[in-house]
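Read the structure below first, then the notes.
In what follows, residues are counted from 1 in the order of the sequence shown.
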Amino acid sequence: MPGSVASGRFEQMTGSVASGRFGETVRAAVPSWLVPVFRGVTRLGNLGVVLVAFAVDYWFVDRERGAHAIGVVVAGTALLVALKHAFAAPRPPASVGVVSAGGHGFPSGHAMGAAIAYGALAVDLDVGSPRARYAAAAVVVSLIALSRVVLGVHFVRDVLAGIAFGLAFLAVAFGLTGRDPGLAFTLAVATGLLAVGVSGAGYDAVALLGLAVGATAAWEIGGSGTARERAPTRPAVVAGLLSPLAGAGALALAADSRSAAVFAFAVAVGAGLVAPPALLDGPGDATATA
């Protein structure tokens, strides 16, 4: 009997999460004066904010760590775009939204991106104890996820799935790359191609693919010398590896000149983000001293 009661309560709770009723309860419990605070909190999950933070690390603190983090974040965001288009799930009704949001709702991009970015920080930083870093990351990710429900742009299921997908991707990405920035950028190109294919060359996917291709080329030609020494022929080898990938992206974009322009601009942004510090330091010093 107790087991059946507990099972019934669990089913009722999961049904509330799936239907959106739990989100209504959360929004009703948050006083109106806290809503502007959550507007600020939610910005911590924006891709631009995260990329700026890791770019500062890459440019001024630790080249290897910052470059790897940039590659992982771009790769995770590209996977997010692919997942959103694959599930094509709607957001809550616009009438409950405090802020406007477009596109598909599942999984939450802010929740998934926050799990990847702040999870990577918790793993990579050497400040404090690991337990303290993981606890701080968990608090930040939870607040960002909660903000999306409070602002009415996601169901609870969206943010829970976003966190789960983000942590799973983070574990796989670190396992595949071994903290090698070149491998992280290559992973970003691969997930960018996946996003382009799944989304039908949507602009977000196109931009992420271009960003990954530009960053990968810049890193491989001018960046890494500490993790592995480059041979004199490395630029030619890299060009040979990237050409088929870039060509596949170009074929997907050929029917849309605007997409091609977005792709070209994003390539330039990716290269501009990664190239200058690497070229200034030279191939022998990919890691700056703090």
Side-chain angles (χ1 to χ4, degrees), residues 43-81 109 113-114 116-118 120-121 124-125 169-170 173 177 179-193 195-196 203-227 230 234-235 238-239 241-243 245-246 249-250 253 259-290:
R43 291 189 175 94
L44 296 175
N46 290 352
L47 176 62
V49 171
V50 169
L51 281 181
V52 167
F54 287 135
V56 169
D57 188 26
Y58 168 67
W59 278 61
F60 301 110
V61 184
D62 190 310
R63 297 281 192 264
E64 293 281 328
R65 183 180 65 201
H68 179 262
I70 291 171
V72 168
V73 166
V74 173
T77 306
L79 177 62
L80 165 69
V81 171
I116 294 171
Y118 295 103
L121 278 176
D124 277 343
L125 288 181
F169 173 78
L170 188 66
T177 64
R179 292 187 171 88
D180 183 324
L183 293 178
F185 286 130
T186 301
L187 178 63
V189 173
T191 54
L193 286 169
V196 167
Y203 292 133
D204 288 344
V206 167
L208 288 164
L209 175 60
L211 191 67
V213 168
T216 303
W219 175 262
E220 295 293 351
I221 292 172
S224 174
T226 57
R230 275 195 308 277
R234 188 170 186 82
V238 170
L241 291 173
L242 284 179
S243 295
L245 295 174
L253 311 178
S259 290
V262 169
F263 179 75
F265 177 75
V267 169
V269 171
L273 177 67
V274 173
L279 294 176
L280 287 173
D281 285 343
D285 183 15
T287 304
T289 55

Quick one: does any side-chain atom of Asp180 pair with a main-chain N or O of Gly182 as donor and acceptor, under 3.5 Å? yes
Looking at every heavy atom in both Trp59 and Leu273, which two are closest together, and how far apart are they? NE1-O, 2.9 Å
Could you tell me which residues satisfy side-chain contact (heavy atoms from CB on, under 4.5 Å) with Ala78, sequence neighbours excluded, listed by chain and number? Thr191, Ala195, Leu208
For residues Ala266 and Ala207, report the shortest heavy-atom separation together with the two atoms involved. CB-O, 3.2 Å
Pairs satisfying salt bridge (charged side-chain N to carboxylate O under 4.0 Å, His left out), at least one member in residues 48-58, at least two apart: Asp57-Arg65
Does Leu170 have any side-chain contact (heavy atoms from CB on, under 4.5 Å) partners at least two apart in sequence or in another chain, and if so, which? Val72, Ile116, Ala120, Phe174
Sequence neighbours excluded, every pair satisfying salt bridge (charged side-chain N to carboxylate O under 4.0 Å, His left out) that has a member inside residues 261-277: none
Minimum heavy-atom separation for Ala188 and Gly71, please, with both atom names. CB-O, 3.7 Å
Shortest non-hydrogen contact from Phe185 to Ala215? CE2-CB, 3.7 Å
Taking all atoms of both residues into account, what is the closest heavy-atom pair of Leu187 and Phe169, and its distance? CD2-CZ, 4.1 Å
In short, Trp219 meets Ala67 closest at the heavy-atom pair CZ3-CB, 3.6 Å
Only counting residues at least two apart or in another chain, list the ones meeting side-chain hydrogen bond (donor to acceptor under 3.5 Å, both in side chains) with Asp124. Arg179
Roughly how far apart are Leu47 CG and Asp204 CG, rounded to 0.5 Å? 9.5 Å
To the nearest 0.5 Å, atom CD1 of Ile70 lies from atom CG of Leu51 at 6.5 Å
Is the shortest side-chain heavy-atom distance between Val74 and Phe54 below 4.5 Å? no
Where the side chain of Thr177 meets the backbone of Leu183, is there a donor-acceptor pair that is under 3.5 Å apart? no
The criterion is side-chain contact (heavy atoms from CB on, under 4.5 Å); which residues satisfy it with Val269, sequence neighbours excluded? Leu211, Phe265
